[in-house]
Amino acid sequence: MQPAVEFRGISKHFGAVKANTDVNFTIAKGSIHGLVGENGAGKSTLMSILYGYYRADGGEILLDGQARRIHNSQEAIALGIGMVHQHFMLVENMTVLDNVMLGSEGGVRLKAKRASVEAELREICARYRLDVDPLATIHDLSVGAQQRVEILKQIYRSASILILDEPTAVLTAQETASLFEILRLFKEQGKTIILITHKLQEILDITDTVTVMRGGRVIGAVPTAGTTKEALANMMVGRPIENNLPRAPYNPGAPVLQVENLQLRDDQDVKLLADIGFTLRAGEIVAIAGVSGNGQSELMEILAGMRVPTSGKLAFLGKDLPFNGRSDPDGLPRTFRELGIAHVPEDRLRDGVVKAFSVMHNTILGYQDKLKNRWGLLNFKAIAARCDALMKSFDVRPNNHDLRIGLLSGGNQQKVVIAREVLAQPKLMLVGQPTRGVDIGTIESIHAQLLKLRDEGVAILLVSVELEEVRALADRILVMCGGRITGELKIEEFDTTRIGLLMGGEHKS
Amino acid sequence: ADPKLGIVYDAGGKFDKSFNQSAFEGATRFKKETNINFIEVQASSDTQAEQVLRSLARKNLDLIASIGFAQQAAVQKVAKEFPKVRFVLIDGVAPGANVNSITFKEEEGSYLVGVAAAMASKSKKLGFIGGVDIPLIRTFACGYAQGAKAVNPKVDVTSNMVGTSSDSWNNPAKGGELARSQFDRGVDVVFAVAGGSGLGTLQTAKEKGKLAIGVDSNQNSLYPGSILTSMVKRVDNAVYDSFMQMKNGTWKAGVTAKGIKEGGVDWALDENNRKLITPEIEKRVLGARKDIIDGKIKVIDIRSGTACPV
Amino acid sequence: MTFDDLHIGSILVSTVRNAPVLIFAGMAGLFAERSGVIDIGLEGKILASAFVSAAVGFATQNPWYGVMAGIVASMLLASLQAYIAITQKGNQLVAGIAINIAMSGLTFVVAQYFFQQGGRTPDLGSARLFDVVLPGSAAVEHIPFLGWFYAHLIGGHSVLVYLAFALVPLVHWVVYHSRFGLRLRACGENPHAADAAGVNVERQRYMAMLIAGFLCSFSGAYLSIVQSGFFLRDMSAGAGYLALTAMVFGNWRPLYTFLGCLMFGFFGAVQIQIEGVELPVIGRLPGAMIQMVPYVLTVIVLAGLMAKSVAPKALGSPFVKSR
Amino acid sequence: MMNKDLPRWATGFVMPLLNLLSALLVTALVIHLLGESPTESLAILVNSAVVNPEGLSYTLFYASTFIFTGLAVSIAMEAGLFNIGAEGQMYFAGLGLTLAMLTFDSSLSAWLLIPIGMLGAALFGALWAFVPGYLQAKRGSHVVVTTIMFNYIAGALMNTIIVKLVPPGEQNPASRAFAAAAEMPRLNQWFPILGETPLNISFFLAIIALVIYGVVVSRSSWGFKLRATGLNKHAAHYAGIRISKMIIIVMLISGALAGLGSVNSIMGSTHYLSLNFVGGAGFIGIAIALMGRQHPVGIFLSAVLFGALTQGGFDLSLEKQNIPPEMVILVQGLIILFCGAMENLYGPAIAKMLKLKK
Ligand SMILES: Nc1ncnc2c1ncn2[C@@H]1O[C@H](COP(=O)(O)OP(=O)(O)OP(=O)(O)O)[C@@H](O)[C@H]1O
Ligand SMILES: Nc1ncnc2c1ncn2[C@@H]1O[C@H](COP(=O)(O)OP(=O)(O)OP(=O)(O)O)[C@@H](O)[C@H]1O
Ligand SMILES: [Mg+2]
Ligand SMILES: [Mg+2]
């Protein structure tokens, strides 16, 4: 085996946090190397050191056997290292072409190069079967397409070592599959790939070797062929993971939410939702499956009061939801929340939390008016106590309510959001992508919470692109495509192929 | 013993190329002649004016000259507190047995330069550029227009103000721009009453080969050949005289409005503008000057509440 | 009021003359802000370069030395701003406001110290930059319209006026069609993306700020050595804020910013023309009321036409490496 | 990020002090270059602004106005709005106050006149902030731009109106002086040591406003919503906060606070409305809000610092021929620069020193 990258004794600390401690392992040239570990295990930090973002406190990195000091991303790029980040590194209001050219323009005048780069991109797209229009603007693209742009960037720069930090977190099964196709092509061309993911199935599917990290250290590096999900999970978390969480038998109660003939058009009169109709009952989890960008987000926003539908009938506990002809949803989420609708938004950093607020402040976001006294004041002592209890019962780490929530890992932020919404004792719970980017240990605890809620008689509407998650939680499944519901299945009828077809727009057959 | 003297400028400061500067020059002249020093201070706000006057009064000064109407209320108040200290208020009227208020009949001086402007203008279009639209500035404008129309009722006077904030006295670019725009409209003589902004006007006139009229001090020498004349307001004399009276023990409280007759305002004729003032212009202006002194011409002061007649 | 009373010709010429102060500063602000650094310190830079240009121009009796010295002054201030915003990761608004206030005081103090004229520099006299007379102006002067157009609207301005107008397409090209511009925009929108793509964000922002300083200096030089011929305290009189407004109005785009600057120049010229003129219905407006015309119109235009302005996303936030 | 590790005494006390010293050092250099003695100048400044009771009372008088304008800018900033218009709001508020006084000062007693004056000022200040607030909330017009425009518009409008209020025969472009009943009670009637001073009960009103601001912003549910709106509009919408209403209300409050600044300036000192009476207090409010980090204590300290500069710098120019009054403006700028913009200048150095000691 010829090593492409060798980490030797890498350590890195941020203040008191030891993000990496004496990390040693080797990545073989031309292999796909998996990197797994809990949230905060130090994976991203290690890769950031490799890409020149952070300077390690100690240790060295060898590339092709030679010790290298990588001071910044320019140097990393020059050494043939490419990185697809956890959060996309794209300039949203620029075209794909400009994003690809950024940093490797090939001259002062853009015009001179634009045409040739565009041609080259089209050629690459054709070769790798990447469906991207080089002239499209990034913010018009779906998440999956943006992911493909990131890949395109790396291909264009012909990176020989490609780091992917949780690339599949936001992708659908199909998108993941086609990404893996490309990765295999890369491998055939002799490129080295480092893949970080929380989905152990993906590790098994595609990697050659896998390194497990915990608490900043390497726990083990094993050939993929000789391992199992359970074994990996055990290494990561330090305990076995329960896959089949207990749940009460399916026994739905009275209708909580009735949606009839819901329509939504945007400013340009483009149909975003059409003829949506379904009923959600107490004590059941209905999952909405579909490729992201097919109207699920809009539907959730309408139900949470964050958006106003163009038309349609929405009844909550038998009463019409009070849109009464409003065109502006300003303030509506509060009304809905007071009715008993809780909402875990899919984009937690954008909608769900105020990053600069402490954890404690975030636990009252949306409920601030319920907690005030008659002078309009908030009792922060009581709120802190409430927050401590909540952090304890949902195992939020670190257990410090004064910490800015932005400093928590995504998984822990998510736990705070879910805890906050559960605490409101809702009748209807809207949950969007609850475990995106969250490690398996945390996924387990979030799933357990949602099932407990269901068993207590709460109606839950779940939007997830993760079919595994849908299978683990749902009682019934609705599939959406192009703003319509293309099919409905009971959990017993769960069938990946069929759902895949419905997600692609194949109508109820 | 020599009298202890003080002078308080207003927000414009002693180098405002306007009445503060004129006051400074008068005080300096006094100092040169008598070798008696004076304390000088600037009060940037109405609140500060009171503070300054009080702190000078506490130093047992004999006479404090307050320059500018902004100090009127402060003088009134502090003069009451310090009956032994004497005050000269320029450009404003404050009651009190220890206050001498001196105002100027700006309308009379403006009338004279209006006469000169109307005679010198070929297009019969005159311009006026003021700093800020306040009664004092309008008084200048109205006197100017009265003089011009007395020469020829058909003369047209275009009037512009630089702005509304205190910047407006320090915006020569705008002062110049207003002049250009007036010249474009056919104006060929412009009267600038806008402090530092007026400098821009004078300069633009020179550049464009038109005539301008200076204000407050004699500005004829700034651009000889293009400054027709200046409407001088003898704040310097007022200060100088007050200081002198103090020295000689002849100082008296009261209220004086200084017009042409009292030597308070006038037009300026010197070697710098000699060539521009033709004998006819000179004759006409001197005639008007005499008529005003004799009371044959009454120039309307809009501050008295009368609307400008022209 | 007749059409003639409006003096369209005069208004247009006046617009052309008023606009350069704003154009230079507006383009300067555009570079700074497109890179992600808020530049509310335009005013201070204008003032500093106006003073230094005038002082050096007077001392050397050469306007071009003045212009060059003004450039140095303005670029020094821009580097200070850049150091605070980029290296120190300090508050950019505070930095800008501090510079404005400090320069208002410093220019006065220094001018007073050297020239003893109440914060004024002496008249530059022949060391001013004078207007360019296009060849043949005198010959065509008498042709109706065309003569005026050639000799007064196109011709008859200072070199800096032509520079200001030439700057606009140049800035447009740099921002949208050059490597520098691509990186500039990326840094202002998403510095992390730029960084990941191998762009040195800090260096890019420093360069943008230096360009801003460079361009802004002409604004000051124009005020003191073209329009006035001397420096006077606080003579920028809000031009920096107005330029910033034009830039926001123009949505941080060069051509629209340019239009914003022209708009201010135009409204200013109109305001001069309608002062004292009998208007239909309203009658004669008092001078002070007319002063507000450009500002009221701006608010109306802003509220009506160009309501949504989209600032560069990363504007104002220092770039901290991490996700 | 660096600061996280520094103890509070370092970030809250030592660093601001070092920054202030740096600003003063640069000032000293300039004073030295002007040929005057920096130490003497500092002594004059401190003596005049702090040590001398009458000077101190002037310091606090100026500070009272600055607290109000600082609060006005701060509260808008908490909602993510940069209100550059405090200057114009305070100016226009002066009109509201004056109209009320001109109407009632001969008929009502002081106990009624003061609240009426405050109400008039707050109302007009709020009114002047309403349009920019409304346009921001409903039309998305950038509040920075509209408030700048509204400053200019206020200037022009007030000029027109004030000229109309000038009593006939008067020179000063100002309204008539109010009756004595309309004067804010001055503190020297209780504390004669303060000497002749315009310092009046507005100072206590300012302190009360600071306390209310502190409690409302950091302790109330409305303040929570305010800050959420400022920090993350999406999350605020998600939380059910009516963002456009919030923006309009906070601008109204901001304008009202700026307006109350005029009570101190007019009813507390001049007793008449004059042209440009605000004199930059609104802009200083921006500096104070930024330097004070929108925190009541910070706002108070910055306001006092600026008040001291206004007062002390004035005496300095009085005693030192080579130091013009404009020097104060330079010092203000330098202090904002060092204490506000480069607040972290010494952070790394202090961190290093502390590490070395350990
Ligand atoms: N910029 C930073 N400043 C301070 N601490 C940091 C920083 N970046 C990471 N950390 C800390 O380093 C540790 C490792 O973080 P890292 O992002 O590498 O984890 P990860 O394995 O990528 O987690 P995830 O699975 O959530 O992506 C965490 O405990 C985190 O708190
Ligand atoms: N500026 C920072 N200071 C301190 N810690 C940080 C900072 N930025 C990130 N971290 C830490 O880095 C870790 C990873 O952060 P990140 O936001 O990548 O979370 P995540 O679990 O990967 O979530 P997701 O991928 O779903 O967004 C967290 O534990 C967080 O505490
Ligand atoms: Mg990570
Ligand atoms: Mg993660």
Residue selection (most heavy-atom pairs with chain D, distance under 4.5 Å) from [options]:
options                                : answer
A:Arg350, A:His343, A:Lys372           : A:Arg350
A:Glu338, A:Arg420, A:Glu301           : A:Arg420
A:Asp351, A:Asn373, A:Asp328, A:Leu377 : A:Asp351
A:Pro329, A:Gly366, A:Pro333           : A:Pro333

**Request:** Tell me, please, whether D:Tyr238 has A:Arg337 positioned over its six-membered ring: NZ or CZ under 6.0 Å from the ring centre and within 45 degrees of its axis?
**Result:**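 Yes, A:Arg337 and D:Tyr238 form such a contact.
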**Prompt:** Which bit of A:Leu365 is near chain D, if near means a heavy-atom gap under 4.5 Å: side chain, backbone, both or neither?
**Reply:**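 It is both, since atoms from each part get that close.
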**Message:** Quick check on A:Ile364 against chain D: is it the side chain, the backbone, both or neither that has a heavy atom closer than 4.5 Å?
**Reply:**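 Contact with chain D: backbone and side chain both.
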**Asked** Just by modelled atom types, is the A:Pro434 backbone N or O under 3.5 Å from a matching donor or acceptor in the A:Gln414 side chain?
**Response**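 Side chain of A:Gln414 to backbone of A:Pro434: a pair is present.
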**Prompt:** Do A:Lys12 side-chain atoms and A:Arg55 backbone N/O form a donor-acceptor pair below 3.5 Å?
**Reply:**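 Indeed, once roles are kept as given, a pair shorter than 3.5 Å links the two residues.
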**Message:** Counting heavy-atom pairs under 4.5 Å with chain A, which one of D:Ser221, D:Ala235, D:Ser220 comes out on top?
**Reply:**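 Most heavy-atom pairs within the cutoff with chain A belong to D:Ser221.
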For [X] and [Y], I'd like to know if the aromatic rings sit close, meaning centre-to-centre distance below 6.0 Å.
X        : Y        : result
D:Phe224 : A:Tyr367 : no
A:His361 : A:Phe380 : yes
A:Tyr53  : A:His85  : yes

**Request:** Measure D:Lys233 against the heavy atoms of chain A and call it side chain, backbone, both or neither at under 4.5 Å.
**Result:**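 Neither part, no heavy atoms under 4.5 Å.
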